[in-house]
Amino acid sequence: MQQQSDPITWRDGKIPVSTRFDDPFFSLDDGIAETRHVFLTGNDLPARFRDDFAIGELGFGTGLNLLVAWDAFAAAMPGATLRFTSFEAFPLSPEDMARAHRAFPAFDDKRDALSAVWTGADGSFDLPGLRLNVIFGDARETLPQWTGHADAWFLDGFAPAKNPELWSPDLMAEVAAHTAQNGTAATYTAAGDVRRGLAAAGFDVHRVQGFGRKRHMTRARIAG
Ligand SMILES: C[S@@+](CC[C@H](N)C(=O)[O-])C[C@H]1O[C@@H](n2cnc3c(N)ncnc32)[C@H](O)[C@@H]1O
């Protein structure tokens, strides 16, 4: 599916900010460290990695979370394959993604491999040690149709107050329905509505220390 990109603005010339949601795509402090803290540690990764480990993500954005997870997986599991499926309604143009990647010069080969397949259409892409599946469209419509299950979820919509549709109780129920046995979810927000939505969906939910200026974040494990 080919999709029209939203206009974005740039903070400090390098951090993309969604004009639609009035929110930056990644942390203004240190996006890579935040991803590691929130989404990797929040899902007990890399300790749980195994061949064919499946990550699901709401909000592909710049692909920063993918690059961080892929890099950690490649270091922990050489020769194995990570499955990463992300749901995205307003994909960045190839030009904006390339510009966003300049803010994090690590991951050189992986950035280049992602850029090479990021031509403005979604689909499945086989990259070294990675099976990437990006599904364009509103996650409220696309996630219910997905036939996969994730071992770990990265819940990464914009701030719940600005992007409530990506945090609704109905969508959290879909996340739970698409979570493997003993699967987990993590997000940077500790908003009460989000935690209640995850709990109602069948997760055991914990509020833990957040990254940087954010005091708390949320970890969740599907109740067995
Ligand atoms: C904070 S950004 C994600 C950042 C991203 N994970 C990264 O590594 O750069 C939130 C993303 O959610 C997407 N989004 C917002 N509403 C959506 C919806 N209803 N369905 C799918 N994606 C949505 C936005 O377009 C945006 O790319």
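Computation of the quantities below employed the complete heavy-atom set of this structure, encompassing side-chain atoms and omitting hydrogens, waters and symmetry-equivalent molecules. Indexing begins at 1, ligand by ligand and atom by atom, following the structure's order.
- Residue pairs meeting the salt bridge (Lys or Arg N to Asp or Glu O under 4.0 Å) criterion with at least one member in residues 166-194, sequence neighbours excluded, are D193-R196.
- Scanning for side-chain hydrogen bond (donor to acceptor under 3.5 Å, both in side chains) contacts around K14 gives an empty result, with sequence neighbours left out.
- For the side-chain hydrogen bond (donor to acceptor under 3.5 Å, both in side chains) condition, the pairs that include at least one residue of residues 53-75, sequence neighbours left out, are T35-N65, E57-N65, E57-S86, N65-D156.
- Exactly one residue among T187, D44, D204 makes a side chain to side chain donor-acceptor pair (under 3.5 Å) with R219. That residue is D44.
- Counting non-hydrogen atoms of neighbouring residues, nucleotides and ligands closer than 6.0 angstrom, the CD atom of E165 exceeds 12 such neighbours.
- Aromatic ring pairs are classed by plane angle as parallel below 30°, tilted from 30° to 60° and perpendicular above 60°; the pair F53 and F49 is perpendicular.
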Present, as a list of atom pairs with distances to 0.1 Å, all nitrogen or oxygen contacts under 3.5 Å between ligand 1 and the protein.
residue, atom, partner, partner atom, Å
ligand 1, 6 (N), E57, OE2, 3.1
ligand 1, 6 (N), G59, O, 2.8
ligand 1, 6 (N), N65, ND2, 3.1
ligand 1, 6 (N), D156, OD2, 2.7
ligand 1, 8 (O), L64, N, 3.2
ligand 1, 8 (O), N65, N, 2.9
ligand 1, 9 (O), T62, N, 2.9
ligand 1, 9 (O), T62, OG1, 2.6
ligand 1, 16 (N), N163, ND2, 3.2
ligand 1, 19 (N), D138, OD1, 3.1
ligand 1, 20 (N), A139, N, 2.9
ligand 1, 22 (N), A89, N, 3.1
ligand 1, 25 (O), E88, OE2, 2.5
ligand 1, 27 (O), G61, N, 3.4
ligand 1, 27 (O), E88, OE1, 2.6
ligand 1, 27 (O), E88, OE2, 3.3

